[in-house]
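What follows is a set of notes on a single structure, which appears directly below.
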Amino acid sequence: MNIENIKKPNITSERINQKVMPILRKMEKSGIKLDCDAVRKLDRKLSKRVSQIEEQIVKFSGHEFNISSPTQMAEVLFVEMKLPTEDLKKTKTGISTAANELNKIKDKHPIIVLILENRELSKLISTYLRPLPMIVDKSSRLHTTYGMETATGRLTSSEPNLQNIPIKGKFGGEIRKAFIASEGMKLIAADYSQIELRIIASISHDTAMIDAFKRGDDIHSKTAAEIFNTTLKKVTRDQRRIAKAVNFGIVYGQTPYGLSQALNIGIDKAAEYILHYFEIHQGIRRYINEMVEKAHKDGYVETIFGAKRFLPNIDSRIRYIAESEERMAINMPVQGTAAEILKLAMIALDKRLVSYNKKKPVPSKMLLTVHDELVVEAPSEDAQEVAKIVKESMEEVVTLEVPIIAELGVGDNWQEAKS
DNA sequence: TGCTTCACG
DNA sequence: ACGTACGTGAAGCAA
């Protein structure tokens, strides 16, 4: 990995972690405000729907059972109702009833859709809607705890985890709307655009991807144009969807089998897409080979700031164990460098906010960090000015071979700030 | 306590 | 014949 063309501050990953630690402690102390009334209201609404769905599930199955028990669910579906199991994965304890498996037999019986809806709603209720209002402080704020002991250098968030607050699905946005700015304040949400792909483009020197980012192309459409031998303009939604999966898969060391599962297509087709991708992106192919080679030779891989990940089983004779660590070798330098860039941005932003706040009666504060995103709270009248500081801090912290772009929004709640 | 499932990036 | 895309944390069940 040759990183001569990357302009970066002269600092090690260890020093980055030391400097970010006190910033995390400040963010934990600040907390973020939760609209508990809105959460409880949504809880009541979804709970009512769950009861209705449960009644229908009981009707179809013929008796009451614990819908949250995968064991009982499998018994009902595959033994009592005799639904087909050929296509489904097995777990250590039986046949899987995970959502992606049930999706395969969705049209075999109307009970499946009900189960999927029930799962979605009970997840939201039991993990977010019910617990969160119980643990706010007297100002209605939630305080997470950040951790740094991860394999790649990412941060963790726990008790509560504020890095997995729903955003997708029918009600994800509703939940994010309950994370609100304090009185007289706004939330600023800023996230890096395609940071991991920009990093892999830079450290692999892949010409095609670097050009695409320099031109400001939509990277997934660009990939689609490449693998389907067409032009940017002619790319269909479906082609873009497939290309997006290919782009994500690349960073994880995905196999044709994995891509075929993710897209519900044949292995042959998946293999063809991947092969075609590597014909065009030879720099990416070289990067992958280099990382796997290095891991075998040195026993570790590292980020551009020198954080190492040791891979003690990379030479295992059990093939899937060795292959699993080879994928970690491919992914960690990318995911880890992205984590370091966000931490550096936080260090830069903290410094600027401290000085900015000196001439202000109400301080602006970083509240959350979510892997490639920062959430900041600022007095309404300062919000636009602070947003600019956030954007600059994020974009100017390193100079890759491609531009780094932070997209940001301002709003009264987290959902609004993301658009 | 370990497993399964599922929320996020 | 094996397994198959990386990194996390939390809830509920089963033993």
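We name chains A, B, ... by the order of the sequence lines, and we start the count at 1 in each one. Side-chain atoms are counted along with the backbone in the values below, which use heavy atoms only and exclude waters and symmetry mates.
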Interatomic distance at P, dC3(B) relative to dG3(C), whole Å: 15 Å
Side-chain N or O of T255(A) closer than 4.0 Å to phosphate OP1/OP2 of dA5(C): yes
Touch class at under 4.0 angstrom, heavy-atom based, for I318(A) against every strand present: nothing
Any N66(A) side-chain nitrogen or oxygen under 4.0 Å from OP1 or OP2 of dC13(C): yes
Length of the line joining E101(A):CD and dT4(B):P, which is rounded to integer Å: 13 Å
Atom-to-atom span, CG of L162(A) to C1' of dA10(C) - whole angstrom: 12 Å
Nucleotide nearest K92(A) when distance is taken to its side chain, options dG9(B), dT4(B), dA7(B): dT4(B)
Closest-nucleotide ordering on DNA chain C, the 5'-leading residue of Y252(A) and R319(A): R319(A)
Sugar-phosphate only, base, or nothing, as touched by A99(A) at under 4.0 Å among non-hydrogen atoms: sugar-phosphate
Side-chain heavy atoms of R176(A) within contact of N413(A), under 4.5 Å: no
Sugar-phosphate, base or nothing in reach of I167(A), heavy atoms under 4.0 Å: sugar-phosphate
Short side-chain N/O contact from R130(A) to OP1 or OP2 of dG12(C), under 4.0 Å: yes
Selection from dA10(C), dG9(B), dG7(C) that lies nearest to any side-chain heavy atom of V370(A): dG9(B)
Mate of dA14(C) where both pairing distances stay under 3.5 Å, Watson-Crick or G-U: dT1(B)
Check: D191(A) main-chain N/O paired with E373(A) side-chain donor or acceptor under 3.5 Å: no
Residue pair E28(A), R25(A): steps toward the salt bridge (Lys or Arg N to Asp or Glu O under 4.0 Å) verdict: CA-CA 5 Å; E28(A) 291 170 356; R25(A) 299 288 91 94; 2.8 Å; yes
Contact nearer the 5' end of DNA chain C, comparing P70(A) with R327(A): R327(A)
Y273(A) side chain to F228(A) backbone, donor-acceptor under 3.5 Å: no
Out of dC3(B), dG9(B), dA14(C), whichever nucleotide has its closest atom nearest the side chain of T93(A): dC3(B)
Sugar-phosphate only, base, or nothing, as touched by Q261(A) at under 4.0 Å among non-hydrogen atoms: nothing
Separation between the P atoms of dT4(B) and dT4(C), rounded to whole Å: 13 Å
Length of the line joining I195(A):CD1 and dC6(C):P, which is rounded to integer Å: 21 Å
Side chain of Q72(A) - closest among dA14(C), dC6(B), dA7(B): dA14(C)
Nearest-neighbour nucleotide for the R119(A) side chain, dG9(B), dC6(B), dA7(B) considered: dC6(B)
Heavy-atom donor-acceptor pair, Q72(A) side chain to I67(A) backbone, under 3.5 Å: no
From CD1 (I250(A)) to CD1 (I200(A)), nearest 0.5 Å: 7.5 Å
Sugar-phosphate only, base, or nothing, as touched by S157(A) at under 4.0 Å among non-hydrogen atoms: sugar-phosphate
Sugar-phosphate, base or nothing in reach of S324(A), heavy atoms under 4.0 Å: nothing
For atom CD of E326(A) and atom P of dT4(C), their distance in whole Å: 15 Å
Candidate nucleotides dG9(C), dC8(B), dA5(C), ranked by approach to the side chain of T156(A) - the nearest: dG9(C)
S69(A) side-chain N/O to dA14(C) phosphate OP1/OP2 under 4.0 Å: yes
R15(A) versus Q18(A), side-chain donor and acceptor atoms under 3.5 Å: yes
Rounded C1' spacing from dC8(B) to dA5(C) in Å: 16 Å
Side-chain H-bond candidate by donor/acceptor type, E340(A) with T303(A), under 3.5 Å: yes
Interatomic distance, I67(A) CD1 vs dA11(C) C1' [rounded to whole Å]: 16 Å
Presence of K123(A) side-chain N/O under 4.0 Å of dC6(B) phosphate oxygens OP1/OP2: no
Under-3.5 Å donor-acceptor pair between Q163(A) side chain and dC8(B) base: no
Presence of T150(A) side-chain N/O under 4.0 Å of dG7(C) phosphate oxygens OP1/OP2: no
Closest to the P166(A) side chain, choosing from dG7(C), dC8(B), dT5(B): dC8(B)
Rounded distance in Å - CG (L129(A)) to P (dA10(C)): 17 Å
Nucleotide nearest E323(A) when distance is taken to its side chain, options dA7(B), dG3(C), dG9(B): dG3(C)
Touch class at under 4.0 angstrom, heavy-atom based, for N164(A) against every strand present: base
Rounded interatomic separation in angstrom, taking CG from L263(A) and C1' from dT4(C): 15 Å
Interatomic distance where CG belongs to D191(A) and C1' belongs to dC8(B) [whole Å]: 13 Å
